[in-house]
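Reviewing the structure listed below.
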Amino acid sequence: MAISESDVRHVALLARLALTDGQVSSLQTELNSILGHIDELQGLDLADVQPTAHALEVTNSMRPDVVKPCLSRELALRNAPEAEGGAFVIPAMAGAGEDV
Amino acid sequence: MAKDRLSEVLERYEAVIGLEIHTELTSLKSKMFCGCPVEFGGEPNTRVCPVCLGLPGALPVPNEAAVEATVLAGLAVNCDIALWSQFHRKQYFYPDMPKDYQISQYDLPFCSGGHLDVEVDGDAVFQRVDRDSEEEYTARIGITRIHLEEDTGKMIHVGGAEGRISGAEKSLVDFNRAGTPLMELVSEPDIRTPEEARRFAQKLRLIMLTLGVSDCSMEEGSMRVDGNISIRLRGEIELGTKSEIKNMNSFKALHDALAYEIVRQADLMDVGERVVQETRHWDVGAKRTSMLRSKEEAHDYRYFPEPDMVPFAFTEEWVESIAQRVPELPDAKRERFMGTWDLPKYDAVVLTSDLAMAGFFEAAVAQTGPARAKSVANTMINDFSAHLNAEGIGVDESPVKPSMLAELVVLVDDGTISGKQAKEVFSAMVKTGEAPAVIVEARNMRQVSDTSAIEAVVDAIIAANPDEVASYRGGKIGLVGWFVGQVMREMRGQGNPKVVNEVLRRKLG
Amino acid sequence: MIDLSVLSATEIRDGIAGKRFSAREVADAAFARVEALEPSIHAFNQLTPELAEAAADRVDAMVAAGDELPPLAGVPAAIKDNMNLVGTRTTCSSKILASYESVYDCTAVRRLLDAGALPVGKCNLDEFAFGSSTENSAFGVTHNPWDTDRVPGGSSGGSAAAVAAGMATVSLGSDTGGSIRQPGALTGTVAMKPTYGRVSRYGCVAFASSLDQIGPFAHNVRDAALVLNAIAGKDEMDATSVTETVPDFTATLNDGVKGLRVGIVRDMLELEGLDPGIKASVEAAAARYAALGAEVGDVDIPAARHGLSAYYIIGPAEASSNLARFDGIRYGYRVDDATDVLDLYMRSRAEGFGPESIRRIMLGTYALSAGYYDAYYGQAQKARTLIIEDFAKAFESYDVLLTPTSPEVAFKIGEKSTDPLAMYLSDVFTIPLNLAGLPGVSMPCGLSEGLPIGLQVIGRHFDEATMLRAAAALEADLALDMTPSMARGGLDG
């Protein structure tokens with residue numbers, strides 16, 4: 001499966017990466033080279049094989065419903081690029097892209 | 001919206017509605033994947049930790065009680081519980097979502113394939129024009145699935161109108177809510193009218209309250225209802241293009257927004273225009289929906305199994321142990337009220353539509369005895385409900401306690417006070433919070449039912465009013481009321497009206 | 001001054017306990033070596049002398065009070081800069097986190113320090129652990145102490161080089177596809193990836209959550225076992241950490257290999273592109289095992305040949321998701337002239353991430369995107385199943401398995417930096433273990449043209465003890481001196 005230039009641009013938008021034309025072009029070449037190798041998997045008949053998400057057969061790892069100490073607000077905001085009144089500040093939402 | 005217009009549209013078009021209902025598990029102590037407390041409001045970013053802030057290196061660990069609550073909810077609405085399930089990551093960038101993916105469930109939710117029966121009666125029956133009868137009816141609404149996920153943070157948009165995104169210069173992000181356990185229920189598109197949608201949501205809310213998993217506050221957003229709605233000409237099989245409606249923050253808003261949307265879509269189709277697939281926002285002030293975004297920006301959520309967690313493997317025994325914890329649900333409670341105390345359906349429905357009302361009723365009846373259940377129901381549905389409405393308070397906030405209402409019912413029932421006096425006692429009870437017996441005593445309201453005492457007064461009145469006695473005996477039977485008034489005045493209102501009437505009629509011949 | 005190039009962790013602890021030297025003197029000796037060697041190595045992104053001295057003072061206070069010392073008391077330790085430690089920056093060698101200050105501790109780091117170790121500093125890595133040479137760092141290349149024109153391997157190249165140069169006695173790295181073991185091989189250190197789930201990942205900035213595992217670098221097997229003792233065990237903050245009992249991994253190190261069934265993974269040894277010197281060295285190691293009384297035989301892991309493909313889908317896919325949070329909202333690099341949130345996301349991320357990170361995010365996003373999931377991610381997960389099954393079969397006949405760690409010895413800086421695929425091949429022997437969740441340790445087994453060769457010993461799930469016993473037996477038998485010449489001696493004149 002070859003990846004086209006428009007695929008690269010679409011994926012870059014999904015991943016929220018503003019790529020230059022030069023990056024788009026070189027990434028297209030590099031990704032196709034990597035995919036060219038990876039595509040060997042397409043040749044395998046794995047129809048009857050179960051997928052593995054985790055190598056170990058561990059299940060039901062949960063925690064009890066117990067409250068623990070929170071971070072102080074000072075620490076919560078320690079690395080904030082911009083903060084105001086205890087909140088993180090971001091610019092206008094107009095282009096957030098996907099609303100929910 | 002004129003009911004007539006909706007009614008006219010529904011004559012020609014059938015609506016197909018599915019609901020997505022998010023319920024925060026507010027009764028839990030801690031968040032979905034970390035130990036921060038679950039609470040509403042608070043100073044921004046004071047209930048956060050590395051996990052719910054999505055700090056580099058932090059990992060989620062699922063809250064066992066949230067999983068149990070979801071399975072409990074699934075069992076309460078007749079779902080199958082998956083013996084193998086897991087979380088997935090749903091990926092999209094948004095500033096209120098700390099990790100820029102939401103831990104949710106995808107093809108392996110905890111619960112699937114349930115249903116809920118909703119009863120529709122009264123004026124709303126007309127919305128189902130396909131039904132010939134005007135009788136009340138029951139609609140079975142399928143439940144596709146219930147899954148568990150984490151809530152997002154909250155944003156305040158500064159500089160725009162009314163806190164809306166459009167026109168805002170900047171936004172403030174608070175992650176206190178981020179990571180709150182959130183249960184999402186998706187219904188089948190089995191709902192045909194705005195009223196069925198409302199009843200479905202109301203019933204679901206009552207069930208969640210009964211289970212004790214959430215406070216289900218639509219105002220505070222711990223219960224949020226979105227709707228998918230399309231219409232088609234009656235008789236048509238193929239589904240129309242749907243729109244998704246958001247921001248329906250009350251049951252009335254849910255009903256009105258769906259009703260608006262049905263008419264809006266019909267208006268388009270009537271003039272040959274096409275309904276566009278889009279997400280629309282209900283503006284409760286303007287009473288209309290407006291476009292939030294079009295479906296052109298189709299999402300690609302890139303779901304994949306959450307690698308920070310392992311799958312869930314449940315045994316039948318474990319599911320059964322959760323099933324044992326399902327309490328009596330609203331339908332069963334209503335049936336019990338009708339069966340145990342011989343209450344009419346109307347009374348049972350009113351009393352069981354609110355958990356606190358039902359609890360109050362049961363406590364009061366426990367004191368009066370089952371024979372007076374109907375009297376308790378009457379007093380609650382009339383005086384007590386009117387008092388709650390007037391004060392705008394909940395059952396638990398009233399000064400009137402079950403023992404007091406029970407006492408009042410007994411006082412009337414055994415003839416100590418009259419029904420009319422009871423109203424006075426109730427008013428005094430609301431004001432002072434004093435027990436009915438205390439009020440009756442203090443106001444010397446004890447009703448006189450003693451026949452000989454009443455006979456003495458009646459004799460005196462008859463003796464003092466020979467002309468009226470003659471008129472009565474001459475055929476003016478209506479004068480009996482005047483005599484009753486005279487006797488009651490003499491007795492300062494404390495004569496038992498029934499006995500007074502009886503003695504008067506006998507003595508007057 | 002104390003010569004840290006010759007002291008083991010146990011010798012340091014016992015020396016302090018016996019009052020032959022103080023923990024403070026150990027710390028001073030470590031930083032003296034840092035001062036002498038770091039300029040030509042660049043193993044560290046940040047040095048933490050204050051933290052080390054405070055830790056040393058606590059150890060010395062215990063000595064003064066007559067308290068029993070914990071197992072790693074006074075042992076200089078370096079930490080890969082993708083693990084959080086309060087009082088340090090955690091940069092992942094990325095511009096996007098260049099000034100990020102940790103506000104909580106990584107569990108493994110906390111446990112290491114609770115065992116008495118002295119934190120020397122935070123070690124350079126390939127940005128977000130994407131790489132096999134430590135050249136993909138926003139803060140410069142780390143040099144191999146054996147030859148400073150060469151790479152130390154990666155991504156935990158700083159952690160490997162710090163130990164190889166004796167600037168730290170032990171260190172922590174993280175291993176997603178070989179990021180501990182391959183630099184271990186290239187720097188002549190003992191480098192271990194424990195079984196997936198053995199060590200908590202909490203606080204280690206995630207690359208690929210289902211593959212990542214923290215593990216130690218050390219000069220010898222025993223020190224590596226001591227570090228594993230300290231960091232292993234269930235952590236309630238990591239749902240994928242397991243409750244499996246943690247034995248004392250040093251307890252059976254001297255039990256020898258008589259009767260142990262040692263399998264050479266033959267089909268891996270026949271891989272095209274494997275340095276013949278490395279192949280010969282691995283064969284020689286196998287022969288030594290036979291001489292020591294082990295039952296040595298050949299075994300194939302045919303599905304492992306699909307490991308690289310599966311890994312370059314699963315790894316980037318999970319990474320693309322794990323790195324979404326670096327969005328300039330709550331922390332990290334943010335462009336200062338964003339017009340709206342989308343613009344902020346797009347440019348902050350494009351400017352903040354280096355080229356290899358962008359490549360992996362793109363690859364992973366593509367592999368998960370609509371229409372491609374089944375062909376890529378789904379297929380890779382199935383290939384993963386085959387690899388797990390092949391290893392399980394091999395372990396029916398053998399107790400440990402042997403492969404080379406890396407197909408080649410340390411390569412020249414810049415040699416592979418223009419060819420991502422060639423770089424990816426560096427991990428061809430190590431990747432299958434991550435996919436299967438198996439433990440593996442790389443240990444020096446010789447030199448090729450003056451550069452260290454790594455042997456990879458693979459154990460069963462949660463049987464690190466047997467794996468380490470096998471490694472310790474060969475280590476004792478070979479008795480190699482793996483101190484690079486620049487790191488010899490006390491360095492104090």
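Every chain is numbered from 1 and lettered A, B, ... according to where its sequence line falls, protein lines coming before strand lines. Basis for what follows: all heavy atoms, side chains included, without hydrogens, waters or symmetry-related copies.
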- Under a 4.5 Å heavy-atom cutoff, which of C:M346, C:M362, C:R349 has the most pairs with chain A?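 The option with the most such pairs is C:M346.
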
- Message: Looking at chain A, which one of C:H461, C:R384, C:R330 has the largest number of heavy-atom pairs inside 4.5 Å, strictly under?
- Response: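 Among C:H461, C:R384, C:R330, the one with the most close pairs to chain A is C:R330.
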
Any idea which of [options] has the most non-hydrogen atom pairs under 4.5 angstrom with chain C?
{"options": "A:R63, A:E82, A:H37", "result": "A:H37"}
{"options": "A:S33, A:A53, A:A76, A:S26", "result": "A:A53"}
{"options": "A:L13, A:T52, A:L27", "result": "A:T52"}
{"options": "A:N79, A:L77, A:I90", "result": "A:N79"}
{"options": "A:A55, A:A12, A:P81, A:A15", "result": "A:P81"}
{"options": "A:H54, A:E30, A:Q23, A:M62", "result": "A:E30"}

- Query: So do the side chains of C:D105 and C:L85 get within less than 4.5 Å of each other, counting heavy atoms only?
  - Reply: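 The answer is yes, as the side chains (C-beta and beyond) meet within the 4.5 Å cut-off.
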
- Message: Could you check whether any side-chain heavy atom of C:V199 comes within less than 4.5 Å of a side-chain heavy atom of C:Q213, counting everything from C-beta outward?
- Response: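 Sidechains of C:Q213 and C:V199: in contact.
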
Quick check against the 3.5 Å criterion: does [X] have a side-chain atom that pairs as donor or acceptor with the backbone of [Y]?
{"X": "C:T365", "Y": "C:S320", "value": "no"}
{"X": "C:E356", "Y": "C:N136", "value": "no"}
{"X": "C:H306", "Y": "C:I387", "value": "no"}
{"X": "C:E464", "Y": "C:G459", "value": "no"}
{"X": "A:T29", "Y": "A:S25", "value": "yes"}
{"X": "A:S61", "Y": "C:A239", "value": "yes"}

Side chain from CB out, backbone as N, CA, C, O: work out which of these in [X] comes under 4.5 Å of a heavy atom of chain A, or both, or neither.
{"X": "C:R89", "result": "neither"}
{"X": "C:S99", "result": "backbone"}
{"X": "C:E101", "result": "both"}
{"X": "C:R334", "result": "side chain"}
{"X": "C:A367", "result": "neither"}
{"X": "C:I388", "result": "side chain"}
{"X": "C:A324", "result": "neither"}
{"X": "C:L438", "result": "neither"}

- Using 30° and 60° as the class limits, which term best fits the ring planes of C:F353 and C:F326: parallel, tilted or perpendicular?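 Ring orientation of C:F353 relative to C:F326: perpendicular.
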
- Query: What orientation do C:Y100 and C:Y331 show, parallel under 30°, tilted 30 to 60°, or perpendicular over 60°?
  - Reply: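 Perpendicular.
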
Checking heavy atoms, do the side chain of [X], its backbone, both or neither come under 4.5 Å from chain C?
{"X": "A:L46", "value": "both"}
{"X": "A:L44", "value": "both"}
{"X": "A:L75", "value": "both"}
{"X": "A:A47", "value": "backbone"}
{"X": "A:L71", "value": "side chain"}
{"X": "A:V8", "value": "both"}

- Verdict with supporting geometry, C:L344 and C:I329, side chain to side chain contact (heavy atoms under 4.5 Å, CB included): CA-CA 9 Å; C:L344 184 151; C:I329 303 287; 4.2 Å; yes

- Message: Among residues at least two apart in sequence or on other chains, which ones pass salt bridge (Lys or Arg N to Asp or Glu O under 4.0 Å) with C:K393?
- Response: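 With sequence neighbours excluded, C:K393 shows a salt bridge (Lys or Arg N to Asp or Glu O under 4.0 Å) to no residue whatsoever.
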
- Item | Worked check of ring-ring contact (aromatic ring centres under 6.0 Å, His included) between C:Y311 and C:Y424 | CA-CA 10 Å; C:Y311 176 79; C:Y424 295 174; 8.3 Å; no

